[in-house]
K.L.:
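For reference, the structure I am asking about is given below.
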Amino acid sequence: MKILVNGDPREVPTPCSLGELVPHRSGVAAALNGNVIRGMDWDHTALSDGDAVEVLTAFQGG
Amino acid sequence: MKILVNGDPREVPTPCSLGELVPHRSGVAAALNGNVIRGMDWDHTALSDGDAVEVLTAFQGG
Amino acid sequence: MKILVNGDPREVPTPCSLGELVPHRSGVAAALNGNVIRGMDWDHTALSDGDAVEVLTAFQGG
Amino acid sequence: MKILVNGDPREVPTPCSLGELVPHRSGVAAALNGNVIRGMDWDHTALSDGDAVEVLTAFQGG
Amino acid sequence: MRIGTIEVTSRLWIGTGGLSSLATLRDVIDAADPGLVTVSMRRSSDLGPSGLIALLRERHVDVLPNTAGCLSAREAVRTAQLGREALGTSLVKLEVIGDERSLLPDVVGLVSAATELVADGFTVLPYTTADPVVARRLVDAGCAAVMPLGSPIGSGLGITDPSAIERVRAAVDVPVVLDAGIGTASDAALAMELGCDAVLAATAITRAEQPVAMAKALRLAVMAGHRARAAGRIPRLTEARPSSPMAGRAAL
Amino acid sequence: MRIGTIEVTSRLWIGTGGLSSLATLRDVIDAADPGLVTVSMRRSSDLGPSGLIALLRERHVDVLPNTAGCLSAREAVRTAQLGREALGTSLVKLEVIGDERSLLPDVVGLVSAATELVADGFTVLPYTTADPVVARRLVDAGCAAVMPLGSPIGSGLGITDPSAIERVRAAVDVPVVLDAGIGTASDAALAMELGCDAVLAATAITRAEQPVAMAKALRLAVMAGHRARAAGRIPRLTEARPSSPMAGRAAL
Amino acid sequence: MRIGTIEVTSRLWIGTGGLSSLATLRDVIDAADPGLVTVSMRRSSDLGPSGLIALLRERHVDVLPNTAGCLSAREAVRTAQLGREALGTSLVKLEVIGDERSLLPDVVGLVSAATELVADGFTVLPYTTADPVVARRLVDAGCAAVMPLGSPIGSGLGITDPSAIERVRAAVDVPVVLDAGIGTASDAALAMELGCDAVLAATAITRAEQPVAMAKALRLAVMAGHRARAAGRIPRLTEARPSSPMAGRAAL
Amino acid sequence: MRIGTIEVTSRLWIGTGGLSSLATLRDVIDAADPGLVTVSMRRSSDLGPSGLIALLRERHVDVLPNTAGCLSAREAVRTAQLGREALGTSLVKLEVIGDERSLLPDVVGLVSAATELVADGFTVLPYTTADPVVARRLVDAGCAAVMPLGSPIGSGLGITDPSAIERVRAAVDVPVVLDAGIGTASDAALAMELGCDAVLAATAITRAEQPVAMAKALRLAVMAGHRARAAGRIPRLTEARPSSPMAGRAAL
């Protein structure tokens, strides 16, 4: 299926969980369609076609 | 009956309308128990015992 | 003879007075070799070869 | 004889040198009638009646 | 300039608090030729109109009732409504005070009170901080002008942060009226140079040693500052720049 | 005010350098109504008088020749003498420049040049620093006024140290004329509020986008500042002070 | 000082944006010995943690994620939540930007976002205007500190209105941290003298010609200003006051 | 830095007037670690040396006798000579006071006294106005440093015209020491940022509520300002400049 990851379209296998999409647990955070998903919930958070996923980490900033 | 006019207790005859209490129409405004009453309504606004009436006019101010 | 007028060399007949060099009397002032000469004295102020004459007037200034 | 020491009149024996008047050599300086006298010269600087002597040292100051 | 439905010509507006007598106020009004004159709503001891109202009618000045002293949006809204009833004008200088000591506005309460009064048909002129974001929120809420403070009411400290007033000016397209802090003529001129459309002066006039003379001075200052902005001032340079020609100097 | 033998009525004085044409200068003069107009002495290419002189006579303005650009007392004294010859006035705005970059005065050379010119019968108006001690020395030397700078010539930075101007004002009893640094109307008003008797503006007018409009603005500003000082401004307070009565507020 | 659950010892906090390399950031951190270090949340290209996180852990500094660039309360709240997830801290420097050009906060949106985040268990440090009334509203909403701006982010203009910072200080009893505008050491010292508990410097360090040297300078400046406030400065006098005794002068 | 024949390491110099006891002065000296310590010459009641001299020798500090209170060049020259005799140093902080109320220097008398003392073998450090032309004259006369005032002695007003100090700095290549006006740490840091080589603080320390703590604060502030200047501060911008990246923001 096709999803958006950090604004870019990406093809992922079906089914696919947020945990499978994002290999790391520490130092990153994710939002699915605008809703923040806690790390503990990633594995049982299934992605659907057209989902928008944001994966953030810390960068230099004021 | 006893009412409060500008914070001071005052004895008025029963019945008594707001229009009877406040002789003037121009240059003043009145609120009954916190609600602003338009001048046109003063005559048919009956006062009740314990009412709080505020009668204001314009004073020098910044 | 050769003199300097406002910094520029100029050939003038001999003899030549400051008054002959400078036609005007009003709105200008003159210095001969650094010394201010009053207008009344221009006619009997003879110029010599190599003299430096400054002739000034008023310009826009702060 | 009578002299002025730091503005106050004082009776001193005759003769009297600046060195006899001022026991110390270090940390002080002296002027006789407005003229600074170097320490080496105090002993052979004789005081005369009416002399004004200033003896200064260092005080707290900005 | 246009404020709601009325055309305000003079760019000096005045407050009336602090004068000893109505006679002096009359002279101040004549000297200031004010665009608007603010008044506050207070209890009438004889339940009748004040002599002030008669004076303002006599001098044909447009009155701007304020909500001075109101500490909540609710109190300010009701005071505004009473002002409209008593004076027959929909104009209101909206003040929601957030701190009784500094008399600074509570901008959160201010925005909500402004929104309510606009819906009730008022022409709202809010006394606010020199904050361009709040100013735009007030304009979005329908305010007819914004009145940023130069410094605290009655302080006479002038405009403590001119860049903030410039930002407010750039942020909105309604009239900007400098309110509070004016101490003397140069403050009023500066306000106009920063792009304000008018200046409101109260204490600066009423508590000056000679109120009438100060009113005249501020009237001139506002005109001066307004014309100076239009004339296009020279840039600020860190270096000197000769005002007399360097060329043609004599050798002396 | 009285400057030497002549009575100067207008408190705005102007410099004439930097304008593109005499026609504009005529309009600037009419708009400014200046008390004195400064000119500089430069070489005449045709050995004759400049058109500027004709214009100043036509407008009946009192002229104040300066010694702009002089880097020594000697040069300044001679330039002053040439100005007197050419213009038939004993007035001189004395400049002894100590640094060609900042155009700041050399106060040591200034005091000696002033002393020499006073002895020669001049009415000396020295361009000086905002230093009260130097100002008093200049007055002791016989100067008819002192002209402290607000900031460097042509910088438009206004008055960088107002307290210094106040000290000069307190130090002398001759007229104090703020010279150099004026950028716009509020600067001119402030100068007068600090106690100056007049303001000299050159670049602020001549290099403004619209010189005539700025001349008018500065004229109003000088009047405003002069009246404001006379009116007695309110004190500066660190706290707010209500301009509306606290008493008589309604319970709403 | 105590910020929520953690004890912050150093009064200099730093932002990390603008440095060319993590190596320089390491040296800056060592020179500044910062109480807190701010970071921003951005998209991870490889969906993994940044090298910055590793560096901060290596230096054992407490991290303060911000919501820089968020233009609405909603966006700021979500960004705060993502910061908490990624960094395992409940601290957040809350920014709700009201104007993309001046980067000034939207205080109305700020108060509502702060309220929501406090309810969600965050320790909220809001970037706000130097407005004491807004500051008190933020504290009433449960914020652990307030971070008023001295001047616009990255401007280096220092503290344009010191009296406003003093009013914020007087209005709240939580830590006040000067945020935005610091240009150099004297600005940081002044912030502390006005009563701030700490100073956050970002651009002042990261864009200085020598970031590490400036970090050291600001660290000293913050200490100097903090001690100076505690030492009780002399009053400002308009007159001079001799520092040497007038008595005992010689007659020479 | 080198002052005449001696090497001065610390950039904080202190005045000693105004302290209640020599014991406190000892602690102030230890906290300030001053490069030079100024003293004034006064009449000795017992015609012997003061306890102050013993203390200064005990702490091994270099002493800088001043001519405070001298109203003429002649008086200052003689006082300098007496200081040299009493303290065995050729250093002198030369003060020629032109006005007993403002305690501002008489720069004309100052230049002539400096010339005379240099010829007499003194290392002259003149207390002067922030006038670059006078500063250059003093250096041409052979002065080893210049000590411009930030604001009147003991006023605590800091540096009222920073641009003037910058001009003095640019005008001379000898050490520039900010003298007079320092009120607190940020003033001292600013002086160094403007390019001064050292700061002299007297009243700021001696009349602070806690002199020893303020001495420490000023010592840190001078170091901070000195390092900040070397670090190269960011430019002042009228616009904001983001300190967090705009790229990579999430869509939330």
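Scope of the values below: all heavy atoms of this structure, side chains included, with no hydrogens, waters or symmetry mates. Protein chains get the first letters and strands the later ones, always in sequence-line order, with residue 1 at the start of each.
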K.L.:
So for H/L56, is it side chain, backbone, both, or neither that comes closer than 4.5 Å to the heavy atoms of chain D?
P.N.:
neither
K.L.:
Tell me, out of H/M41, H/K93, H/R84, who's got the most heavy-atom pairs with chain D below 4.5 Å.
P.N.:
H/M41
K.L.:
Could you tell me which residues in residues 9-16 of chain D have at least one non-hydrogen atom under 4.5 Å from a non-hydrogen atom of chain H, sorted by residue number?
P.N.:
D/R10
K.L.:
Check each atom of H/L82 against the heavy atoms of chain D and say whether the ones under 4.5 Å are side chain, backbone, both or neither.
P.N.:
both
K.L.:
Strictly less than 4.5 Å between heavy atoms, which residues of residues 52-62 of chain D line up against chain H? Please order them by number.
P.N.:
D/E54, D/V55, D/L56, D/T57, D/A58, D/F59, D/Q60, D/G61, D/G62
K.L.:
Mind listing the closest non-hydrogen atom pair of D/G39 and H/E85 along with its distance?
P.N.:
N-OE1, 3.7 Å
K.L.:
Which heavy atom of H/L47 sits nearest a heavy atom of D/N6, and at what distance?
P.N.:
CD2-ND2, 3.9 Å
K.L.:
Check whether any side-chain heavy atom of D/N35 lies under 4.5 Å from a side-chain heavy atom of H/R78, and answer yes or no.
P.N.:
yes
K.L.:
Tell me, side chain or backbone of H/E95 under 4.5 Å from chain D's heavy atoms, or both, or neither?
P.N.:
side chain
K.L.:
Looking at H/S40, H/G15, H/A68, which one has more heavy-atom pairs under 4.5 Å with chain D than the rest?
P.N.:
H/S40
K.L.:
So what's closer than 4.5 Å to chain D heavy atoms on H/D46: side chain, backbone, both or neither?
P.N.:
backbone
K.L.:
I need the residue from H/G69, H/G17, H/S45, H/A180 with the largest number of non-hydrogen atom pairs under 4.5 Å to chain D.
P.N.:
H/G17
K.L.:
Select one option (side chain, backbone, both, neither) describing which atoms of H/A202 are under 4.5 Å from chain D's heavy atoms.
P.N.:
side chain
K.L.:
Is the number of heavy atoms from other residues, nucleotides or ligands within 6.0 Å of CD (H/E116) greater than 12?
P.N.:
no
K.L.:
Check whether more than 12 heavy atoms from other residues, nucleotides or ligands sit under 6.0 Å from atom CZ of H/R59, and answer yes or no.
P.N.:
yes
K.L.:
For H/R57, is it the side chain, the backbone, both, or neither that has a heavy atom closer than 4.5 Å to a heavy atom of chain D?
P.N.:
side chain
K.L.:
Should we say atom CZ of H/R26 is surrounded by more than 12 heavy atoms from elsewhere, each under 6.0 Å from it?
P.N.:
yes
